[in-house]
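Data first, discussion second: the structure below is written as structure tokens.
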Amino acid sequence: MNSSEPLILGIETSCDETGIGIVRGRELLSNALASSVDLHARFGGVVPEIASRAHLEAILPTIDLACDQAGVSLRDIDAIAVTAGPGLVGALIVGVASAKALALGLGKPMYGVNHLAAHVMVDELEHGPLPEPVIGLLVSGGHSSLIKVSGGDFESLGQTLDDAAGEAFDKVARLLGLPFPGGPMIDEAAQSGDRHAIDFPRALRTDPVHAFNFSFSGLKTAVARWVKEQQRLGNTISVPNVAASVQEAIADILTSKAIAAAVNQNAPHLVIAGGVAANSRLRTLAAERCAEAGIELRVPSPGLCTDNGAMVAALGSHLVRIGGAPSPVDFPATSTLPVSEVFF
Ligand code: KG4
Ligand code: ZN
């Protein structure tokens, strides 16, 4: 460990995971997580008020756990980074208020940072400095976008026009009677399915106006129609085949547009980030297609793809490294923060 590098504590509370990570430079020291996912399961989606209350209960014990695992005390921390948006506003407020209290109490600088940029920057903890320019395929429960990272700036190239990729996984899983969150369930069911069994639509595949945009709401409708038709015909529905075919449609459209963006922007590096980047078929297909196209692919380990505190600490560490000015004490929790606003 290079002890001359600053020690950064990252706080993530934008959705249903209370994540606290500690990094020194680009070295991950701890990544403690308390999830309220089980409390939301019976509602089929995250209930904001339940998530906020769970963050309140979990935040102090999770900070203690992260410090214990890293073998540091709060007094050793050089700067605090916290997700300021986008996300559920009540959930964000818990992290932002805690970060402000810690920063003021410890007399340390703090950075209110962008959750989406943090999803991308976490890759530096495993694979070293991000090359520039790099294309980011950011796919989570709330977002699906293609971004270009260059000179420390995050520029949006395109995004979903309706549902996010993770949302599509979650909604299709619900249709198939699989529990929330559906992405990992579809991934698991698809292992024993035939991905060529059903040819589900790939929206906006050849639309030049929407070359870097996505649309997933029609996919959910197509699956619902297909299931209904099979039921009408009295056919047995193979959940593994539907799961594998839907997963193939999503992975196909995401990878083909990401590679097109890399070629178009002359950026031979692609990083896939966000919860959906944990998907096994997306990872395999991206690796195959990037190898064919001569593009370097970087994907964090599955545990760093879903929401966590280390990603926030990684972005905070980057901001300290480049000499970014700390955020003012009155920066707000902002539910709709665009990816171009990396920090306050
Ligand atoms: O980034 P994330 O943890 O939270 C948000 O910021 O939204 O992403 C959560 C999303 C959920 O929709 C979940 O179903 C999806 O990521 N997800 C997956 C997998 N693991 C998580 N989707 C497909 N395959 C997976 N293995
Ligand atoms: Zn996320």
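All values below come from the heavy atoms of this structure, side chains included, with hydrogens, waters and symmetry mates left out.
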Any non-hydrogen side-chain atom of Leu315 less than 4.5 Å from a side-chain atom of Tyr111? no
So, Ser144 versus Gln159: side-chain donor-acceptor pair below 3.5 Å or not? no
How close do Thr62 and Ala34 get, heavy atom to heavy atom, and via which atoms? OG1-CB, 3.7 Å
Start with the C-alpha gap between Trp226 and Ile198, add the side-chain angles, then the distance that decides, and say whether side-chain contact (heavy atoms from CB on, under 4.5 Å) holds. CA-CA 9 Å; Trp226 186 89; Ile198 311 147; 3.6 Å; yes
Could you check whether Ser245 and Gln247, counting side-chain N and O atoms only, form a donor-acceptor pair closer than 3.5 Å? no
Using only atom types and a distance under 3.5 Å, with no angle test, would you say the side chain of Asp123 pairs donor to acceptor with the backbone of Ala273? no
Which of these passes side-chain contact (heavy atoms from CB on, under 4.5 Å) with Glu124: Pro129, Pro300, Ser317? Pro129
Can you find a side-chain donor-acceptor pair between His55 and Thr13 that sits under 3.5 Å? no
To the nearest 0.5 Å, what is the distance between OG on Ser156 and CD1 on Ile147? 8.0 Å
Closest approach of Leu74 to Cys67 (non-hydrogen atoms, all atoms of both residues): CD2-SG, 3.9 Å
Should Asp252 and Arg205 count as an ion pair when the cut-off is N to O under 4.0 Å? yes
Distance-only side-chain donor-acceptor flag, Ser217 / Asp163, under 3.5 Å: no
Separation of Thr83 OG1 from Leu92 CG (nearest 0.5 Å): 7.0 Å
For His115 and Glu12, does a side-chain donor sit closer than 3.5 Å to a side-chain acceptor? yes
Identify whether the distance between the nearest side-chain nitrogen and carboxylate oxygen of Arg75 and Asp78 falls below 4.0 Å. no
Ignoring hydrogens, what is the shortest heavy-atom contact between Ala249 and Pro201? Give both atom names and the distance. CB-O, 4.1 Å
Within 6.0 angstrom of Asp207 CG, more than 12 heavy atoms from elsewhere: yes
Glu27 with Arg24: basic N within carboxylate O range, under 4.0 Å: no
Any chance you could lay out the side-chain contact (heavy atoms from CB on, under 4.5 Å) test for Met311 and Asp307, step after step, and finish with the verdict? CA-CA 8 Å; Met311 66 191 223; Asp307 289 351; 4.2 Å; yes
Would you call Val139 and Leu282 a side-chain contact if the rule is heavy atoms closer than 4.5 Å? yes
Ala260 backbone acceptor or donor facing Asn264 side chain under 3.5 Å: no
Less than 4.5 Å apart, any side-chain heavy atom of Leu204 and any of Phe212? no
Between Asn241 and Ala197, is there a donor-acceptor pair closer than 3.5 Å when you use the side chain of the first and the backbone of the second? no
Cluster check Val172, Met185: I/L/V/M/F/W/Y, side chain < 4.5 angstrom: yes
Is a donor on one side and an acceptor on the other found under 3.5 Å between the side chain of Thr334 and the backbone of Leu337? no
Do you reckon Leu102 sits in the same ILVMFWY cluster as Leu60, going by side-chain contacts under 4.5 Å, direct or chained? yes
N/O donor-acceptor pair under 3.5 Å between Ser35 side chain and Val37 backbone: yes
Using 0.5 Å steps for rounding, measure from the OG1 atom of Thr18 to the CG atom of Leu56. 9.0 Å
Treating Asp16 as the side-chain partner and Ser36 as the backbone partner, does any N or O pair qualify as donor plus acceptor under 3.5 Å? no
Are Ile8 and Ile22 close enough that some pair of their side-chain heavy atoms sits under 4.5 Å apart? no
Checking side-chain contact (heavy atoms from CB on, under 4.5 Å) against Arg298, which of Ile272, Leu130, Leu270 comes through? Leu130
Are side-chain heavy atoms of Leu29 and Leu7 found at a separation under 4.5 Å? yes
Any Asp153 side-chain heavy atom under 4.5 Å of Ser150 side chain: no
When rounded to the nearest 0.5 Å, the distance separating CG of Leu138 from OG of Ser140 is 6.0 Å
Report the C-alpha separation of Arg26 and Arg321 in whole Å, then their side-chain angles, then the decisive distance to 0.1 Å, and conclude whether the side-chain contact (heavy atoms from CB on, under 4.5 Å) test is met. CA-CA 10 Å; Arg26 292 191 180 90; Arg321 200 178 305 119; 3.1 Å; yes
Where do Glu17 and Asn308 land on the side-chain contact (heavy atoms from CB on, under 4.5 Å) test, with the steps shown first? CA-CA 7 Å; Glu17 318 280 359; Asn308 64 84; over 6 Å; no
Distance check, rounded to the nearest 0.5 Å: Leu116 atom CG versus Ser14 atom OG? 8.5 Å
Looking at OG1 of Thr255 and CD1 of Ile250, how far apart are the two atoms once the value is rounded to the nearest 0.5 Å? 11.5 Å
Glu49 and Arg53 ion-paired at < 4.0 Å: yes
Hey, any chance Leu297 and Met121 share a hydrophobic cluster, counting ILVMFWY side chains that come within less than 4.5 Å of each other, even indirectly? no
Leu65 with Val72, same ILVMFWY side-chain cluster at under 4.5 Å: no
Within the side chain of Glu292, is there an N or O that forms a donor-acceptor pair under 3.5 Å with the backbone of Arg289? no
Scan Val329, Val82, Leu9, Ile11 and name whichever one has a side-chain contact (heavy atoms from CB on, under 4.5 Å) with Met110. Val329
Taking all atoms of both residues into account, what is the closest heavy-atom pair of Glu248 and Arg195, and its distance? OE1-CD, 2.9 Å
Smallest separation among heavy atoms of Ile253 and Ala203, with atom names: CD1-O, 3.5 Å
Is there a donor in the side chain of Ser280 and an acceptor in the side chain of Asp187, or the other way round, less than 3.5 Å apart? yes
Is the NZ or CZ atom of Lys100 both under 6.0 Å from the centre of the six-membered ring of Phe331 and within 45° of that ring's axis? yes
Kindly work out whether a path of hydrophobic side-chain contacts (I/L/V/M/F/W/Y, heavy atoms less than 4.5 Å apart) joins Phe344 to Val312. no
Hey, are the side chains of Ile20 and Leu33 touching, using non-hydrogen atoms and a 4.5 Å cut-off? no
Search all heavy atoms of Val299 against all heavy atoms of Cys305 and return the closest pair with its distance. CG1-SG, 4.5 Å
Can you check whether Asn213's main-chain N or O pairs, donor with acceptor, with Lys257's side chain at less than 3.5 Å? yes
Does Glu188 CD have over 12 foreign heavy atoms under 6.0 Å away? no
Could you tell me whether a side-chain N or O of Asn114 sits under 3.5 Å from a main-chain N or O of Glu341, the two making a donor and an acceptor? yes
Can you find a heavy atom in the side chain of Asp199 that is under 4.5 Å from one in the side chain of Arg202? yes
With no hydrogens and no angle check, is any side-chain donor or acceptor of Ser327 less than 3.5 Å from a backbone partner on Gly112? yes
